[in-house]
Amino acid sequence: MKKLEVNHTPEFLRDIAIALSVLWLILMFIICSVMAKLIAVFLSIVILLIIIGIGCYIESRKTTVKYDTDKVKWKWLWLEYTADFCDVDSVHYTIVHERTRYGYNRRFEIVFQLTDSTELRLNDRLESDDIDDCINGITDNIRLMQLYRFIENVYPEKCTGFVKNDTY
């Protein structure tokens, strides 16, 4: 099996960040209503720093992708994903371009369309140099494009190429 490491970010990560923010607000309200102001402010800041630390840890985790001619497997924290090629109808790639509060978030994403109409998405963060290379037609430096080219060589009938989405 071949391996590569990517900065995979699952789709539900934004939901986790919102839930942690709401949890912090609730804890801050409870602490402020029960304790003295100085202790409440201190505990609120400590809890916020813990939540930020957890977020940074989750964001910085690398995902190891293993693949061969039969399947592609990747694991993010405790979640495992497997795209078995006998269950895959089609494979395409896209570039996700999202505006965030602090700028833009760009990801290269491979989408596995399974026979039961579900989609498995594997993505990797794109840096500015990668975007410039994509515009100039140089995609060999992108790690997930190497995986897509491998799949394209083994299963050319399942690969549909680039699909433009509404975020780009």
Side-chain angles (χ1 to χ4, degrees), residues 1-68 71-84 88 91-114 116-134 139 141-148 163 165-168:
M1 278 196 135
K2 297 181 181 182
K3 292 182 184 179
L4 61 103
E5 284 196 355
V6 296
N7 294 316
H8 175 66
T9 306
E11 296 175 24
F12 63 86
L13 193 60
R14 183 178 299 133
D15 299 334
I16 291 173
I18 291 170
L20 287 175
S21 300
V22 169
L23 177 67
W24 177 74
L25 287 173
I26 291 170
L27 287 173
M28 188 177 85
F29 178 75
I30 291 170
I31 290 170
C32 288
S33 63
V34 173
M35 297 184 168
K37 288 185 178 185
L38 185 60
I39 296 172
V41 169
F42 176 73
L43 282 177
S44 297
I45 291 172
V46 167
I47 291 171
L48 179 64
L49 291 175
I50 290 171
I51 290 172
I52 289 172
I54 291 170
C56 290
Y57 172 75
I58 288 173
E59 182 72 22
S60 68
R61 293 283 303 174
K62 294 274 189 184
T63 300
T64 302
V65 179
K66 298 177 184 177
Y67 61 97
D68 60 10
K71 61 186 165 195
V72 177
K73 293 174 67 173
W74 66 95
K75 183 177 181 180
W76 184 81
L77 293 178
W78 64 90
L79 301 173
E80 285 191 33
Y81 301 94
T82 302
D84 197 355
V88 172
V91 180
H92 67 271
Y93 66 94
T94 187
I95 295 176
V96 178
H97 183 81
E98 296 174 329
R99 180 163 172 72
T100 64
R101 178 179 233 174
Y102 304 106
Y104 290 95
N105 182 10
R106 296 172 190 92
R107 296 184 318 268
F108 183 88
E109 187 170 71
I110 295 180
V111 180
F112 299 93
Q113 183 73 37
L114 302 180
D116 62 354
S117 299
T118 59
E119 290 183 346
L120 290 177
R121 296 176 177 270
L122 175 62
N123 60 56
D124 191 11
R125 231 175 304 162
L126 288 177
E127 304 298 331
S128 297
D129 296 339
D130 296 332
I131 296 291
D132 293 340
D133 288 345
C134 284
T139 57
N141 297 337
I142 300 171
R143 292 178 296 259
L144 282 183
M145 186 53 129
Q146 295 168 4
L147 170 62
Y148 183 80
V163 174
N165 60 29
D166 57 353
T167 64
Y168 189 64

*So Glu5 and Lys3, salt bridge (Lys or Arg N to Asp or Glu O under 4.0 Å) or not? Walk me through it.*
CA-CA 7 Å; Glu5 284 196 355; Lys3 292 182 184 179; over 6 Å; no

*Assess whether side chain to side chain contact (heavy atoms under 4.5 Å, CB included) is satisfied between Thr63 and Tyr81, documenting all intermediate values.*
CA-CA 11 Å; Thr63 300; Tyr81 301 94; over 6 Å; no

_side chain to side chain contact (heavy atoms under 4.5 Å, CB included), that's the test. Do Met1 and Lys71 meet it? Break it down for me._
CA-CA 10 Å; Met1 278 196 135; Lys71 61 186 165 195; 4.3 Å; yes

*Applying side chain to side chain contact (heavy atoms under 4.5 Å, CB included), run through Val72 and Phe112 and close with a yes or a no.*
CA-CA 10 Å; Val72 177; Phe112 299 93; 4.2 Å; yes

_Verdict with supporting geometry, Ile110 and Val91, side chain to side chain contact (heavy atoms under 4.5 Å, CB included)_ = CA-CA 7 Å; Ile110 295 180; Val91 180; 3.7 Å; yes

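Summarising the geometry, atom CZ belonging to Arg61 is positioned 5.5 Å from atom CG belonging to Leu77; distances are rounded to the nearest 0.5 Å. Separating the NZ atom in Lys73 from the CD atom in Glu80 is a distance of 6.0 Å, to the nearest 0.5 Å. The CD1 atom of Ile52 sits 4.0 Å away from atom CG of Leu48, with the distance rounded to the nearest 0.5 Å. Of the inter-residue distances, the one linking Arg107 atom CZ with Asn7 atom CG reads 12.0 Å to the nearest 0.5 angstrom.
Between Tyr148 and His92, the shortest heavy-atom distance links the atoms CE1-CA, 4.1 Å. Closest non-hydrogen pair, His8 versus Trp74, comes out as NE2-NE1, 3.8 Å.
Residues passing the side-chain contact (heavy atoms from CB on, under 4.5 Å) test with Leu49 are Ile45, sequence neighbours excluded. For Leu4, the side-chain contact (heavy atoms from CB on, under 4.5 Å) partners two or more places apart in sequence, or in a different chain, are Val6, Val65, Tyr67, Arg143, Leu144, Leu147. Partners of Thr118 under the side-chain contact (heavy atoms from CB on, under 4.5 Å) rule, at least two apart in sequence or in another chain, are Leu114, Asp116.
Across Asn123, Leu126, Asp124, Ile95, a single residue satisfies side chain to side chain contact (heavy atoms under 4.5 Å, CB included) together with Glu109, and that is Asn123.
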